[in-house]
A.B. asks: 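The structure's right below; bear with me while I get my questions together.
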Amino acid sequence: MSDSIDVTLGNIYAKMHKHFGPQNRWLAETPLEMMIGAILGQNSSWVNVDKALASLREAKLLEVEKILTTPLDRLADYLRPAGYYNIKAQRLRNLCQCINDLTGGNVEKFLAFDQVELREILVSVKGIGPETADSILLYAAGQPVFIVDSYTFRIFYRHQLLADSVTYYELQELFMDNLSHDVQTFHEYHALLVLVGKKFCRKSHPLCSKCPLQEYAGWVPSVEE
DNA sequence: CACCAGGCAAGTA
DNA sequence: TACTTGCATGGT
């Protein structure tokens, strides 16, 4: 077909990268801070997560031991700006308890577990689901896993690039089967999807004609053998 | 004012 | 298994 366009996940990435340029995403100062940020970021804006992280840092609570020993209601108080502060305080506790149990509180050792094993450990922690686990794997452990989030679903669904019934793992598999497993690329791809989602693919809005991915709407991404 | 933000677990049928 | 609901502050 002379008028067909080549729709691959690589081309979609290239299109976004050309439109927005490279992304310098926020990165926490330490791996533990990354993990905490991943939990605080659940269904919350990062502006507010940063405030919570800053107050934790100010109070010198960014340590496994401190999070385990600080009274839950006091810990929760620092988390207020991030929302869901009671639940998130407990979730931070659960993660730190897990790190303590497995490696005596040694974060480096904890993150050095084999990728598959670490993922199983993470999702077994109450309060850590698929996306939070993958965020920790990519950003804190430096493992090449693709993070699927609500923006990823919404952007691809709205452009009719996938059925609404696909699961987290099916979509993750699609990306990981068709992209090179490169940490930096996965960082960038995810960041660009978040950007496109915020700018051109918001909830309760129709397909946006200004979206750089608009020309791909209705095509089925070709898959490598 | 209404709506939304880089989810997750628990409850219901 | 497949929905629905609670959690909560702060920005647009």
A.B. asks: Without hydrogens or angle criteria, can the side chains of A:Gln115 and A:Gln143 be said to hold a donor-acceptor pair below 3.5 Å?
C.D. replies: yes
A.B. asks: What I want to check is whether the side chains of A:Gln172 and A:Asp134 have a donor and an acceptor closer together than 3.5 Å.
C.D. replies: yes
A.B. asks: Of A:Val125 and A:Val194, whose closest DNA chain B nucleotide lies nearer the 5' terminus?
C.D. replies: A:Val194
A.B. asks: At less than 4.0 Å, is any side-chain N or O atom of A:Asn86 found next to OP1 or OP2 of C:dA8? Yes or no.
C.D. replies: yes
A.B. asks: Provide the distance between the two C1' atoms, one in B:dA5 and one in C:dC3, to the nearest whole Å.
C.D. replies: 22 Å
A.B. asks: Think A:Ser45 has a side-chain N or O under 4.0 angstrom from the OP1 or OP2 of B:dC4?
C.D. replies: no
A.B. asks: Is the distance between the ring centroids of A:His190 and A:Phe186 under 6.0 Å?
C.D. replies: no
A.B. asks: Provide, to the nearest angstrom, the distance between the CG atom belonging to A:Leu95 and the P atom belonging to B:dC8.
C.D. replies: 13 Å
A.B. asks: Indicate whether any N or O donor in one side chain lies under 3.5 Å from an N or O acceptor in the other, for A:Gln90 and A:Asn86.
C.D. replies: no
A.B. asks: To the nearest Å, give me how far apart CG (A:Leu40) and P (C:dG10) are.
C.D. replies: 14 Å
A.B. asks: Would you say A:Ser55's side chain and A:Tyr78's backbone share a donor-acceptor pair under 3.5 angstrom?
C.D. replies: yes
A.B. asks: Using atom P of each nucleotide, how far apart are C:dA8 and B:dG11 to the nearest Å?
C.D. replies: 16 Å
A.B. asks: Report yes if at least one side-chain N or O of A:Thr132 is closer than 4.0 Å to OP1 or OP2 of B:dC8; otherwise report no.
C.D. replies: yes
A.B. asks: Between atom NZ in A:Lys199 and atom P in C:dG11, what is the gap in whole Å?
C.D. replies: 20 Å
A.B. asks: Rounded to whole angstroms, how far apart are CG on A:Leu79 and P on B:dA5?
C.D. replies: 21 Å
A.B. asks: I need the CG-P distance between A:Asn43 and B:dG7, as an integer number of Å.
C.D. replies: 5 Å
A.B. asks: Given that A:Lys88 and A:Lys51 both sit by DNA chain C, which one's nearest nucleotide is further toward the 5' end?
C.D. replies: A:Lys88
A.B. asks: A:Pro130 has a side chain; which of B:dG7, C:dG10, B:dC8 sits nearest to it?
C.D. replies: B:dC8
A.B. asks: When you measure from the side chain of A:Ile87, which nucleotide among B:dC8, C:dC7, C:dG11 comes out closest?
C.D. replies: C:dC7
A.B. asks: In whole Å, I'd like the distance from the CG atom of A:Leu92 to the C1' atom of B:dG7.
C.D. replies: 14 Å
A.B. asks: Side chain of A:Arg80 only, please: which of B:dC4, B:dC8, C:dT9 is the nearest?
C.D. replies: C:dT9
A.B. asks: Does OP1 or OP2 of B:dA5 have a side-chain N or O of A:Arg154 closer than 4.0 Å?
C.D. replies: yes
A.B. asks: How long is the line joining NZ of A:Lys198 and P of C:dG11, in whole Å?
C.D. replies: 13 Å
A.B. asks: DNA chain C: A:Val47 or A:Arg91, which has the more 5' nearest nucleotide?
C.D. replies: A:Arg91
A.B. asks: Take atom CG of A:Asn48 and atom P of B:dC3, then tell me their distance rounded to the nearest Å.
C.D. replies: 20 Å
A.B. asks: Quick one: do A:Asn43 and A:Tyr84 satisfy side chain to side chain donor-acceptor pair (under 3.5 Å)? Show the steps, please.
C.D. replies: CA-CA 9 Å; A:Asn43 202 38; A:Tyr84 305 134; 3.0 Å; yes
A.B. asks: Distance check: side-chain N/O of A:Ser204 vs OP1/OP2 of B:dC3, anything under 4.0 Å?
C.D. replies: no
A.B. asks: Looking only at the side chain of A:Tyr85 (C-beta and beyond, no hydrogens), which of the listed nucleotides C:dA8, B:dC4, C:dG10 gets closest?
C.D. replies: C:dA8
A.B. asks: Heavy atoms from C-beta onward define the side chain here; which of C:dC7, B:dC8, C:dG10 lies closest to that of A:Gln42?
C.D. replies: B:dC8
